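See below for the structure under consideration.
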Number of protein chains: 2
Amino acid sequence: MAQDTRGAIRDVAIELFGKHGYERTSLREIAEGLGMTKAALYYHYPSKQALLLAIIEPLIAEWKTAADKTETLQHTTDNVRQVLGECLDVLLRHRAIAGMFTRDAPAVFEALGHLYEDILGVHQRLHTWLAGPNPTGADRVRAFAATEVLGAALGGATLDDTSDEELRAILLDASCAVLRLKD
Amino acid sequence: MAQDTRGAIRDVAIELFGKHGYERTSLREIAEGLGMTKAALYYHYPSKQALLLAIIEPLIAEWKTAADKTETLQHTTDNVRQVLGECLDVLLRHRAIAGMFTRDAPAVFEALGHLYEDILGVHQRLHTWLAGPNPTGADRVRAFAATEVLGAALGGATLDDTSDEELRAILLDASCAVLRLKD
DNA sequence: GTCTATAGATTGATAGAC
DNA sequence: GTCTATCAATCTATAGAC
């Protein structure tokens with residue numbers, strides 16, 4: 001309990017960033033949520049941006065792992081389902097953080113720094129693979145739309161009476177439908 | 001030229017908000033982009049939030065108009081396609097602004113003020129209608145995912161070599177596929 | 001309608017004691 | 001590791017001259 005101050009800060013920050021957004025949340029508020037002083041936070045994180053980055057990093061890493069499986073997989077119906085499923089699992093596992101990614105995009109992109117191009121590349125390779133071999137322009141649009149469908153998993157209160165397993169199954173089917181995969 | 005200062009401010013604000021986000025864009029920067037002083041902006045808009053609201057309002061109004069057609073339409077394949085198509089047209093017409101909606105959500109929601117519940121209701125009615133009569137939980141998730149697909153129209157650089165008409169056709173089909181509509 | 005000047009508040013961050 | 005105190009910067013917004 002004593003030694004996970006870093007983790008506690010992270011948790012409170014995730015909650016507040018998620019509720020009011022990154023820019024609208026001050027370090028003072030985070031500190032108050034922990035019963036500490038602003039200055040104490042700086043012992044654990046060198047800056048507000050570094051705190052944001054520490055929050056985001058696990059999601060980035062897992063997303064990259066899931067997406068980069070495409071490097072060794074052929075573009076078959078089963079493999080596409082598998083890759084999409086793993087990406088979806090990552091989003092569901094880090095739901096709160098993934099939400100920040102879309103709802104606080106400007107701050108997140110700046111915090112990423114040089115990692116930004118990495119992520120862009122991961123996304124690009126994923127989309128290219130999903131579009132299949134010799135893709136048309138339409139195929140590439142559908143590949144992009146298919147990943148947007150996965151993002152529906154972050155859709156907040158609308159989906160509260162659906163279990164994660166059901167959500168996963170429905171969105172995976174929907175994503176495949178966008179790609180026009182036969183079952 | 002002289003009398004559309006209000007519009008000119010709006011345009012520069014849209015550009016800068018879109019590029020760096022609402023919170024990271026100061027009124028000073030907007031003023032500099034226009035060759036004016038910060039103080040002059042306040043003659044045309046009473047606050048930064050009011051400026052944001054003025055930017056967003058047309059999109060809100062058109063989205064509401066498009067979505068509320070469901071009130072008088074039966075849930076048939078043709079009608080669903082028509083409604084989704086009109087919603088998509090609104091997004092394409094206000095692409096830059098709609099992007100702010102997702103990428104600066106916290107600021108936008110606060111700026112909406114009492115309008116927030118209105119918009120929420122519009123969305124809810126649209127989703128309920130899209131889910132069809134006597135919907136299952138899965139139908140409601142698919143309805144939500146179908147509108148997320150429309151949001152792919154805002155997907156930036158990835159889709160730059162696709163014309164708006166083609167984009168519209170592809171995403172409309174994709175959205176219908178998510179809803180499992182037969183053609 | 002636009003300017004200069006400034007108020008008033010808040011923020012991220014640091015210094016240094018304990 | 002946490003605190004008090006404080007700095008420097010920046011921002012939104014206002015007052016009042018022109």
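Please read these numbers as outputs of a predicted model, since none were measured by experiment. A note on names: the letters A, B, ... follow the listed sequences, proteins ahead of strands, and every chain is numbered from 1.
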- Taking only N and O in the side chain of A:Arg28, is any of them less than 4.0 Å away from OP1 or OP2 of C:dT10? no
Exercise for the section: Please work out whether the ring planes of A:His75 and A:Trp129 are parallel, tilted or perpendicular, with thresholds of 30° and 60°. Expected result: perpendicular
Side-chain N or O of B:Tyr43 less than 4.0 angstrom from OP1 or OP2 on C:dT2?
no
Which of D:dT14, C:dA13, D:dT2 is nearest the side chain of B:Ala39? It is D:dT14
Parallel under 30°, tilted from 30 to 60°, perpendicular over 60°: which one fits the rings of A:Phe109 and A:Phe101? perpendicular
Lys/Arg N to Asp/Glu carboxylate O, B:Arg142 vs A:Asp173, below 4.0 Å: no
Given C:dT10, is OP1 or OP2 found less than 4.0 Å from the side-chain N or O atoms of A:Ser26? no
From NZ of A:Lys48 across to P of C:dT10 the rounded distance in Å is 15 Å
Rounded to whole Å, CD of B:Glu23 lies from C1' of D:dT12 at a distance of 12 Å
Point to revise | B:Thr147 and B:His127 side chains, donor-acceptor separation under 3.5 Å | key: yes
Between CG of B:Leu41 and P of D:dT14 the distance, given in whole Å, is 13 Å
Rounded to whole Å, CG of A:Asp4 lies from P of D:dG1 at a distance of 11 Å
Here the distance between atom C1' of D:dT10 and atom CD of B:Glu29, to the nearest Å, is 11 Å
Whole-Å distance, B:Tyr45 OH to D:dT12 P, equals 16 Å
Against the side chain of B:Lys38, the closest entry in D:dT2, D:dA13, C:dT2 is D:dA13
Side-chain contact check for B:His44: nearest option of D:dT12, C:dT2, C:dT4 is C:dT2
Margin query: Quick check with a 6.0 Å cut-off and a 45 degree axis cone: is B:Lys48 positioned over the face of B:Tyr42's six-membered ring?
Written below: no
Whole-Å distance, B:Tyr42 OH to C:dT4 P, equals 16 Å
A:Ala40 has its side chain closest, among D:dT12, D:dT4, D:dT2, to D:dT2
A:Leu27 CG to D:dC7 P, in whole Å, measures 20 Å
